[in-house]
Amino acid sequence: MRIAVLASGNGSNFEAIADFFQREHVPAEIAFVFSDKKNAFVLKRAEKFAIPTFHFSPKDFANKAAYEAALLTLFQQEKIDLIVLAGYMRIIGGTLLSAFPKKIINIHPSLLPAFPGLHGIKDAYDYGVKVTGVTIHYIDAGVDTGPIIAQVPVCIAPEDSLESLEMKIHQAEHRLYPKVLKEIALSQEIDLGNHWH
């Protein structure tokens with residue numbers, strides 16, 4: 001199984017996945033990392049793992065459909081089976097959704113359906129819930145509404161600051177995401193009847 005990782009920023013989730021894939025026997029490979037930002041730190045992290053990188057900006061295209069069509073061409077050229085979003089800050093549009101149904105995975109820093117959107121950690125913290133967490137889900141046309149694959153709770157202690165909660169969430173993400181991808185890769189392997197060498 002060939003995976004493309006899409007990221008817009010720092011790439012700590014990508015690094016956790018790449019690290020895990022190197023240590024564990026996962027019947028999948030990260031084919032490349034794509035960023036919509038030329039200077040995203042995730043591209044530097046990918047170089048460290050000798051994983052190819054690509055980047056182009058939506059600003060280089062007439063519209064979102066043209067940008068996604070270019071991405072789609074890249075995925076097809078690289079024979080991508082699964083798209084993994086790791087801090088990719090764009091809404092996935094119809095071009096990619098129709099080409100990769102239930103093949104695009106996202107991680108979200110709350111227990112969906114609670115606290116969707118860009119500020120999941122802060123929203124949960126400000127609301128005063130005792131438990132938040134991390135959700136891994138398939139992408140659909142809505143924002144953070146796709147079918148849930150896995151969730152893990154994270155308790156908010158009375159002494160937690162927003163910063164300490166963010167750290168706890170990121171640690172939970174880094175543990176959960178690679179394991180879920182391994183499970184998906186193993187289930188794909190069984191489905192396909194393939195033996196990866």
Side-chain angles (χ1 to χ4, degrees), residues 1-36 40 42-43 45-47 49-56 64 67-109 112 134-152 172-197:
M1 186 170 85
R2 286 172 62 78
I3 295 173
V5 175
L6 274 57
S8 299
N10 184 16
S12 65
N13 264 312
F14 154 73
E15 180 147 334
I17 294 164
D19 207 40
F20 182 90
F21 275 35
Q22 275 192 348
R23 290 196 320 271
E24 302 267 331
H25 176 66
V26 180
E29 65 172 317
I30 301 172
F32 65 85
V33 173
F34 171 84
S35 183
D36 54 331
V42 69
L43 299 173
R45 290 186 194 256
E47 282 168 20
F49 287 94
I51 292 173
T53 60
F54 295 93
H55 63 83
F56 45 78
K64 182 171 180 163
Y67 166 72
E68 288 207 337
L71 266 178
L72 186 55
T73 301
L74 177 60
F75 296 148
Q76 287 165 340
Q77 281 169 350
E78 295 289 327
K79 300 183 171 54
I80 294 304
D81 302 301
L82 188 72
I83 299 167
V84 171
L85 308 184
Y88 180 68
M89 291 308 181
R90 299 192 173 275
I91 304 286
I92 299 288
T95 306
L96 291 178
L97 282 173
S98 56
F100 283 88
K102 281 193 88 175
K103 298 282 183 198
I104 308 176
I105 295 176
N106 186 39
I107 190 161
H108 182 78
L112 292 174
V134 173
T135 302
I136 294 171
H137 65 100
Y138 291 109
I139 292 280
D140 65 8
V143 176
D144 299 327
T145 54
I148 289 170
I149 303 166
Q151 290 185 309
V152 64
E173 288 179 340
H174 297 167
R175 283 193 302 271
L176 185 64
Y177 217 174
K179 285 182 184 151
V180 167
L181 292 177
K182 181 179 181 180
E183 280 169 28
I184 289 168
L186 288 169
S187 68
Q188 292 286 323
E189 191 180 35
I190 293 158
D191 290 349
L192 298 168
N194 279 348
H195 296 288
W196 298 77
H197 297 293

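Worth knowing before you read on, the calculation uses all heavy atoms, side chains too, and leaves out hydrogens, waters and symmetry mates. Note that the coordinates shown come from a computational prediction; the quantities given were computed from them, not determined experimentally.
- Of all heavy-atom pairs spanning Phe34 and His55, the tightest one is CE1-CA, 3.8 Å.
- You'll find the side chain of Phe20 stays beyond 4.5 Å of the side chain of His174, heavy atoms only.
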Note to self: Checking Asn10 against Arg45 for the side chain to side chain contact (heavy atoms under 4.5 Å, CB included) test, could you report, in this order, the C-alpha distance in whole Å, the side-chain angles of both residues, the deciding distance, and whether it holds?
What the structure shows: CA-CA 8 Å; Asn10 184 16; Arg45 290 186 194 256; 2.7 Å; yes
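- The aromatic rings of Tyr67 and Phe56 sit perpendicular, their planes meeting at an angle over 60°, well past the 30° parallel limit.
- Distance check: Ile139 CD1 to Leu85 CG gives 5.0 Å after rounding to the nearest 0.5 Å.
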Margin query: Using the rule given for side chain to side chain contact (heavy atoms under 4.5 Å, CB included), can you reason through Val84 versus Tyr177, listing the C-alpha separation, both sets of side-chain angles and the distance that settles it, and then say yes or no?
Written below: CA-CA 10 Å; Val84 171; Tyr177 217 174; 3.3 Å; yes
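- Residues Phe21 and Phe49 form no side-chain contact, since every pair of their non-hydrogen atoms from C-beta on lies 4.5 Å or further apart.
- For Leu112 against Gln151, the heavy-atom pair with the smallest separation is O-NE2, 2.8 Å.
- Here the closest non-hydrogen pair linking Thr145 and His137 is N-CE1, 4.5 Å.
- Between the CZ atom in Phe100 and the OH atom in Tyr138 there is a gap of 14.0 Å [rounded to 0.5 Å].
- One N or O on the side chain of Ser8 and one on the backbone of Met89 form a donor-acceptor pair closer than 3.5 Å.
- Side chain of Glu68 to backbone of Ile92: no donor-acceptor contact under 3.5 angstrom is found.
- How far CD1 of Ile51 is from CD1 of Ile30: 4.0 Å, rounded to the nearest 0.5 Å.
- By the neighbour-count criterion of 12 heavy atoms within 6.0 Å, atom NZ of Lys64 is densely surrounded, having more than that number from other residues, nucleotides or ligands.
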Next item on the list: Begin with the C-alpha distance, continue with both residues' side-chain angles, and end with the deciding distance and a verdict on side chain to side chain contact (heavy atoms under 4.5 Å, CB included) for Gln188 and Asp81.
Entry: CA-CA 10 Å; Gln188 292 286 323; Asp81 302 301; 5.9 Å; no
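- Asn106 contributes atom CG, which lies 10.5 Å from atom CG of Leu6 (distance to the nearest 0.5 angstrom).
- No donor-acceptor distance shorter than 3.5 angstrom exists from the side chain of Glu78 to the backbone of Phe32, with no hydrogens or angles considered.
- Going from atom CD1 of Ile107 over to atom CD1 of Ile17 covers 7.5 Å, rounded to the nearest 0.5 Å.
- Annotation for Thr95 and Ala69: closest pair CG2-N, 4.0 Å, computed over non-hydrogen atoms.
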Next item on the list: Determine, stepwise, if the pair Thr73 / Gln77 fulfils side chain to side chain contact (heavy atoms under 4.5 Å, CB included).
Entry: CA-CA 6 Å; Thr73 301; Gln77 281 169 350; 3.8 Å; yes
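- Annotation: the span from Glu173 atom CD to Thr135 atom OG1 amounts to 10.0 Å, rounded to 0.5 Å.
- What you find for Ala86 and Ala7 is that their closest heavy atoms are O-CB, 3.1 Å.
- Of the options Ile136, Ile105, Ile3, a side chain to side chain contact (heavy atoms under 4.5 Å, CB included) to Ile184 is made by Ile105 and by none of the others.
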